[in-house]
Participant: 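Dumping the structure here so I can ask a few things about it.
From a predicted model like this one, the values you see are computed outputs, not experimental measurements.
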Amino acid sequence: PNTGNKRVLFNKKRLRKWTRIVIEEQNQIYKPISAICGLEYTLYLLNLPTSPDDAPRLAYYHEGKNNDAPLILNTSNYVPIALYGGYHLSAAITEEGAILIIDSSIFLIDDHCPRYLTLPQNEKAIQIAFLNKFVYALSSTGQVYKCNILKQNMFERVKCLKEYEIVQIS
């Protein structure tokens, strides 16, 4: 389909059966290098194989929200490096250890820019886990932080784990 200056080619089977997606934007071809899925969405981490210096991009597909093609997200100057997914929410961790939160409300935002969150005290996120409306983040120093994504836009340390150095969350 023609989507303005973006042309998207993909296998016309249902989303969960797609095996290849190539997204062309301004004569650039992006190929998925990673993907995560939730209830009705798939979040893709895309690379640009023709120019290794370009940063990876994110594309988001939500059944019932997209026409036929994944939406290329505006990640501004943030370089996504890892994807995480829950039932309704998805996220990416950036090179700097910040967190980009993505859900179906991305279609209501004019610039299609994910919600950008950071951990307190300049901590860097290295893993993310989801539990209902909470997003949990593990920092590079082994601390666990949580954020009620429906009520707040900031993470706070999980107090009962403060004494421990955690190595993994899921």
Participant: Taking the six-membered ring for Trp, are Tyr41 and Tyr61 closer than 6.0 Å centroid to centroid?
Facilitator: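 No, the ring of Tyr41 stays outside the 6.0 Å limit from the ring of Tyr61, centre to centre.
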Participant: Once rounded to the nearest 0.5 Å, what's the spacing between atom NZ of Lys146 and atom CG of Asn148?
Facilitator: 8.5 Å
Participant: Have Thr94 and Glu96 got a donor and an acceptor in their side chains that come within less than 3.5 Å?
Facilitator: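 Yes, side-chain donor-acceptor contact under 3.5 Å.
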Participant: Starting at NZ of Lys133, measure out to CG of Leu131 and round the result to the nearest 0.5 Å.
Facilitator: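 Between Lys133 NZ and Leu131 CG, I get 10.5 Å after rounding to 0.5 Å.
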Participant: Would you check if the side chain of Asn132 reaches a backbone N or O of Phe134 as a donor-acceptor pair within less than 3.5 Å?
Facilitator: no
Participant: Taking the inter-plane angle between the rings of Phe107 and His62 on a 0 to 90° scale, is it parallel (under 30°), tilted (30 to 60°) or perpendicular (over 60°)?
Facilitator: perpendicular
Participant: Between Leu43 and Leu83, what is the shortest heavy-atom contact and its length?
Facilitator: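 Looks like O-CD1, 3.5 Å.
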Participant: Would you say Leu58 and Leu100 make side-chain contact, with heavy atoms under 4.5 Å?
Facilitator: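 Yes, at least one pair of side-chain atoms sits under 4.5 Å.
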Participant: Taking the side chain as every heavy atom from C-beta outward, state whether Ile72 and Leu46 have any atom pair closer than 4.5 Å.
Facilitator: yes
Participant: I'd like to know whether CG of Asn77 has more than 12 heavy-atom contacts from other residues, nucleotides or ligands below 6.0 angstrom.
Facilitator: no
Participant: To check you understand the geometry: which heavy-atom pair defines the closest contact between Ile169 and Ala137, and what is its length?
Facilitator: CD1-C, 3.9 Å
Participant: Just by modelled atom types, is the Leu71 backbone N or O under 3.5 Å from a matching donor or acceptor in the His112 side chain?
Facilitator: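 Absent.
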Participant: Quick one, Arg57 and Leu73 - any side-chain contact, counting heavy atoms below 4.5 Å?
Facilitator: no
Participant: How many angstroms lie between OH in Tyr116 and OG in Ser76, if you round to the nearest 0.5 Å?
Facilitator: 10.0 Å
Participant: How far does NE2 of His88 sit from CD1 of Ile149, to the nearest 0.5 angstrom?
Facilitator: 14.0 Å
Participant: So which atom in Cys37 and which in Thr42 form the shortest heavy-atom distance, rounded to 0.1 Å?
Facilitator: SG-OG1, 3.4 Å
Participant: Is Val144 linked to Ile101 within one hydrophobic cluster, defined over Ile, Leu, Val, Met, Phe, Trp and Tyr using a side-chain heavy-atom separation of less than 4.5 Å?
Facilitator: no
Participant: Run the side chain to side chain contact (heavy atoms under 4.5 Å, CB included) check on Tyr84 and Ile36 step by step: do they pass?
Facilitator: CA-CA 7 Å; Tyr84 296 87; Ile36 52 98; over 6 Å; no
Participant: Which heavy atom of Phe155 sits nearest to which heavy atom of Val135, and what is that distance?
Facilitator: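 Scanning both residues completely, I find the closest heavy atoms to be CE2-O, 3.4 Å.
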Participant: Please report the shortest heavy-atom distance between Ile102 and Ala91, naming the atom on each side.
Facilitator: CD1-CA, 4.3 Å
Participant: Return yes if a side-chain donor-acceptor contact under 3.5 Å exists between Tyr145 and Glu123, otherwise no.
Facilitator: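 Their side chains do contain a donor-acceptor pair, which is all the 3.5 Å distance test asks for.
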Participant: Evaluate side chain to side chain contact (heavy atoms under 4.5 Å, CB included) for Arg157 paired with Gln121, printing each intermediate quantity in order.
Facilitator: CA-CA 10 Å; Arg157 187 177 285 169; Gln121 302 167 349; 3.5 Å; yes
Participant: When rounded to the nearest 0.5 angstrom, what is the spacing between CG in Leu138 and CD1 in Ile126?
Facilitator: 4.0 Å
Participant: With a 4.5 Å cut-off on side-chain heavy atoms, are Tyr44 and Tyr60 touching?
Facilitator: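 Side chain of Tyr60 against side chain of Tyr44, heavy atoms only: no contact under 4.5 Å found.
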Participant: Report whether Tyr78 and Leu45 are members of the same hydrophobic cluster (ILVMFWY, side-chain heavy atoms less than 4.5 Å apart, transitive linking).
Facilitator: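 Result: yes, single cluster for both.
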Participant: Under the side chain to side chain contact (heavy atoms under 4.5 Å, CB included) rule, what do Ile128 and Tyr136 come out as? Steps first, then yes or no, please.
Facilitator: CA-CA 6 Å; Ile128 297 172; Tyr136 290 85; over 6 Å; no
Participant: What are the two closest non-hydrogen atoms of Pro80 and Pro56, and how far apart are they?
Facilitator: CD-O, 3.5 Å
Participant: Quick one: pull up SG in Cys147 and CD1 in Ile99 and give me the separation to the nearest 0.5 Å.
Facilitator: 8.5 Å
Participant: Of all residues at least two apart in sequence or in a different chain, which pass the side-chain hydrogen bond (donor to acceptor under 3.5 Å, both in side chains) check with Ser34?
Facilitator: none
Participant: Shared ILVMFWY cluster between Leu117 and Leu89, side chains joined below 4.5 angstrom?
Facilitator: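 Linked within one cluster.
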